[in-house]
Student: 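Before we start, here is the structure in question, set down as structure tokens.
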Amino acid sequence: MKPKRRVPADSSESLTFFARVYALVRKTPRGRVVTYGQVARALGAPGAARTVGWAMRVCPDQVPWHRVVNARGEISLRPATGYHEQRVRLKAEGVRFDRAGRIDLNKYGFGGI
DNA sequence: CGTGTGACGCGAG
DNA sequence: CCTCGCGCCACAC
């Protein structure tokens, strides 16, 4: 046949990239965080970190979007778009922030995805 | 089907 | 350690 479009080499081929992002993020345990790039790489799309962020912006309520941060362990949201809410949710799960507002990924990062 | 867009990442300076 | 700049890529129009 002739796949008109690049098909990912896994069983989730029928799902959209966004759907696969959500499925993966849902696996992140309470009190742990993952990075945008980490999710992208896990889906076989190393350069799609920004797309993961976009997916988070429009994600379903069941998805723990607050457990996704950038590679520096910082919240990527701007104060006006939800920075505070994400920080509050993470703190409620026991995630600590340093004085610069960063999370220690070696401690809270979840590598199980 | 070309173009714009963004909750990123990473190398350089 | 910090800032700046450019590449990335799925998706909506």
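Per chain, numbering begins at 1; letters A, B, ... match sequence-line order.
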Student: What nucleotide, of C/dC11, B/dC8, C/dA10, holds the atom closest to the side chain of A/A45?
Tutor: C/dA10

Student: Any chance you could measure A/I113, atom CD1, to A/R41, atom CZ, to the nearest 0.5 Å?
Tutor: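 If I round to the nearest 0.5 Å, the distance is 8.5 Å.
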
Student: Does anything in residues 101-113 of chain A reach DNA chain B, meaning a heavy atom under 4.0 Å, and if so which residues?
Tutor: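 Result for residues 101-113 of chain A: none.
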
Student: Do any pairs count as a side chain to side chain donor-acceptor pair (under 3.5 Å) and have a residue in residues 95-106 of chain A, sequence neighbours left out, and if so which ones?
Tutor: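 For residues 95-106 of chain A, and leaving out neighbouring residues, there are no side chain to side chain donor-acceptor pair (under 3.5 Å) pairs at all.
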
Student: Return each pair, listed once, that meets ring pair (Phe, Tyr, Trp, His ring centres under 6.0 Å) where at least one residue sits in residues 82-112 of chain A; pairs must be two or more places apart or across chains.
Tutor: none

Student: Does some side-chain heavy atom of A/Q86 sit less than 4.5 Å from a side-chain heavy atom of A/V69?
Tutor: yes

Student: Pairs under 3.5 angstrom, nitrogen or oxygen only, protein versus nucleotides 6-8 of chain C, please.
Tutor:
unit_1: C/dG7; atom_1: O6; unit_2: A/R50; atom_2: NH1; d: 2.9

Student: I need the full list of ring pair (Phe, Tyr, Trp, His ring centres under 6.0 Å) pairs touching residues 34-61 of chain A, with sequence neighbours left out, sorted by first then second residue.
Tutor: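 Only A/F18-A/W54 qualify under ring pair (Phe, Tyr, Trp, His ring centres under 6.0 Å).
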
Student: To the nearest 0.5 Å, what is the distance between CG (A/N70) and CD (A/Q38)?
Tutor: 12.0 Å

Student: In Å, rounded to the nearest 0.5 Å, how long is the span from OG of A/S76 to CZ of A/R57?
Tutor: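 So the OG of A/S76 and the CZ of A/R57 are separated by 14.0 Å.
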
Student: Nearest whole Å is fine: how far is B/dC8 P from A/F17 CZ?
Tutor: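 In whole Å, B/dC8 P and A/F17 CZ are 14 Å from each other.
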
Student: For A/R41 and B/dG9, give me the distance from atom CZ to atom P, rounded to whole Å.
Tutor: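 These atoms are roughly 8 Å apart.
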
Student: Which value, rounded to the nearest 0.5 Å, describes the distance between A/L15 atom CG and A/L43 atom CG?
Tutor: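 Here the interatomic distance stands at 10.5 Å.
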
Student: Is there a side-chain contact between A/V21 and A/M56 (heavy atoms, below 4.5 Å)?
Tutor: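 Sidechains of A/M56 and A/V21: in contact.
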
Student: Counting only heavy atoms and a strict 4.0 angstrom limit, can you tell me which residues of residues 53-86 of chain A come near DNA chain C?
Tutor: A/W54, A/R72

Student: Mind checking the CZ-CZ spacing from A/R67 to A/R89? Nearest 0.5 Å is all I need.
Tutor: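 Answer rounded to 0.5 Å: 9.5 Å.
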
